[in-house]
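Encoded as structure tokens, the structure appears first; notes follow it.
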Amino acid sequence: MTCGRQNQRRAGLALAAAALLLAGCGQSAETKGADGAKDGAKGGAAAGASASPSASASAKASVAPLGPGEVRVGGEVAKPYSVTLADLRKLPQASVEVRFTSAKGEQRHTYQGVPLHDVLKTAEPRFDAARKNGQLRGFVSATGGGDYRAVFAWAGIDPGFAKSQLLLAVSEDGVAFDDAAGPRLVVPQDTKGGRYVSELNQLWVGVVDPVVDGAK
């Protein structure tokens, strides 16, 4: 009887020890799992933090700042680029005599420069060729000094539709514009000088479809 009780007691102690051992292993595994999750979260946060500045830098680098007198040509075009007065002077020139009124009274000038259509054509505007006269849905926004801006329908720029040519002028009355000031957009057919954009720095090509269709 004494030996039987001793054996039962030993068996009970062995089972209790085994239970404690298993409980300890389970707790250790859970702790490791929690620690691993924390480390993973920290790693993910660190990766996100390291990726974010890179993405931000890439976004900033995609729009380089303009130099003095530089004009950026972009928008709905296949080949955005920038051009300077020095670049424009190397291109075939056209001359036009204009007469218009401004806040200073009547103006008469002779401008020399490059047809606006030639400058825009180099960027290859992306008009819908599947639509009849798809280019007639296009427009160009011209921005100058002091964030001055004027908008033109493509039909008023394209010599296939318009009689007169808009110019990116490099000189006025034989006097060259300062390189740092950039060209002046000249609109010969206008009777007022409001759309003559001085210190031009951006030409943006767009189409009206997203605006018109979105308003339906």
Side-chain angles (χ1 to χ4, degrees), residues 63-127 133 135-208:
V63 183
L66 288 171
E70 191 174 11
V71 181
R72 178 178 289 127
V73 184
E76 291 295 325
V77 298
K79 297 179 178 180
Y81 73 107
S82 61
V83 63
T84 64
L85 265 178
D87 297 327
L88 293 173
R89 292 192 184 101
K90 298 174 185 177
L91 300 176
Q93 304 287 299
S95 182
V96 62
E97 294 182 0
V98 299
R99 177 180 176 181
F100 60 90
T101 58
S102 72
K104 297 179 180 179
E106 184 176 272
Q107 304 287 316
R108 292 174 181 264
H109 297 290
T110 299
Y111 289 102
Q112 184 172 345
V114 180
L116 174 60
H117 184 259
D118 291 351
V119 174
L120 297 173
K121 187 171 61 176
T122 300
E124 298 183 8
R126 293 184 297 200
F127 299 131
N133 288 329
Q135 70 271 37
L136 297 184
R137 298 166 179 258
F139 65 89
V140 176
S141 169
T143 306
D147 201 33
Y148 190 86
R149 183 168 292 160
V151 177
F152 302 83
W154 184 263
I157 298 170
D158 190 335
F161 294 94
K163 288 184 178 180
S164 63
Q165 294 188 87
L166 279 68
L167 289 185
L168 291 191
V170 300
S171 68
E172 179 186 74
D173 301 328
V175 179
F177 291 128
D178 183 64
D179 284 352
R184 187 180 193 191
L185 182 58
V186 173
V187 193
Q189 71 268 29
D190 283 9
T191 58
K192 290 188 176 182
R195 294 200 298 174
Y196 280 61
V197 181
S198 299
E199 300 179 7
L200 186 71
N201 57 60
Q202 184 188 59
L203 292 167
W204 194 90
V205 180
V207 291
V208 300

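Just so you know, these numbers come straight off a predicted model, no measurement behind them.
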- prompt: Given the rule in the side-chain contact (heavy atoms from CB on, under 4.5 Å) test, do Tyr81 and Val119 qualify, once you have shown the distances and angles that lead to the verdict?
  reply: CA-CA 10 Å; Tyr81 73 107; Val119 174; 3.3 Å; yes
task: Output, in order, the C-alpha distance, side-chain angles, deciding distance and verdict of side-chain contact (heavy atoms from CB on, under 4.5 Å) for Leu91 and Asp118.
output: CA-CA 10 Å; Leu91 300 176; Asp118 291 351; over 6 Å; no
field: Contact check, side chains of Phe152 and Leu116, non-hydrogen atoms, under 4.5 Å
entry: no
- prompt: Just how far is it from atom NE2 of His117 to atom CG of Leu166, taken to the nearest 0.5 Å?
  reply: 11.0 Å
- request: Among Arg195, Arg108, Gln189, His109, find the one that has a side-chain contact (heavy atoms from CB on, under 4.5 Å) with Phe100.
  value: His109
- line: Scanning both residues in full, the closest heavy-atom pair of Val187 with Tyr196 reads O-OH, 3.1 Å
message: Heavy-atom count check: over 12 atoms from other residues, nucleotides or ligands less than 6.0 Å from Glu97 CD?
response: no
- prompt: Once the angle between the rings of Phe127 and Trp154 is folded into 0 to 90°, is it parallel (under 30°), tilted (30 to 60°) or perpendicular (over 60°)?
  reply: perpendicular
statement: Correct closest heavy-atom pair for Leu136 and Ala155 would be CD2-CB, 3.8 Å
query: Are any non-hydrogen side-chain atoms of Pro80 and Val73 less than 4.5 angstrom apart?
result: no
- request: Start with the C-alpha distance between Arg149 and Thr143, add both sets of side-chain angles, then the distance that settles side-chain hydrogen bond (donor to acceptor under 3.5 Å, both in side chains), and finish with yes or no.
  value: CA-CA 4 Å; Arg149 183 168 292 160; Thr143 306; 2.8 Å; yes
query: Can you tell if the side chain of Leu167 reaches within under 4.5 Å of the side chain of Val96, non-hydrogen atoms only?
result: yes
- request: Could you tell me whether the side chain of Gln93 and the main chain of Leu88 form a donor-acceptor pair under 3.5 Å?
  value: yes
query: Are Phe161 and Gln135 side-chain neighbours, meaning at least one heavy-atom pair lies under 4.5 Å?
result: yes
- request: Give a yes or no on whether the backbone of Gly194 and the side-chain of Tyr148 come within a donor-acceptor separation of less than 3.5 Å.
  value: yes
task: Please round to the nearest 0.5 Å and tell me the distance separating atom OG1 of Thr110 and atom CD of Glu172.
output: 9.0 Å
query: If you take all heavy atoms of Ala162 and Ile157, which pair is closest and at what distance?
result: CB-N, 4.4 Å
- line: Taking every heavy atom of Ala176 against every heavy atom of Ser171, the minimum-distance pair comes out as CA-CB, 3.8 Å
query: Any side-chain donor paired with an acceptor under 3.5 Å for Ser198 and Arg184?
result: yes
- request: Taking all heavy atoms of Pro92 and all of Val114, pick out the closest pair and write down the distance.
  value: O-CG2, 4.0 Å
- prompt: Do the side chain of Gln165 and the main chain of Lys163 share a donor and acceptor less than 3.5 angstrom apart?
  reply: no
query: Out of curiosity, Arg99 CZ to Thr191 OG1, how far, rounded to the nearest 0.5 Å?
result: 11.0 Å
statement: Minimal heavy-atom distance between Asn201 and Gly144, with the atoms involved, is ND2-O, 3.3 Å
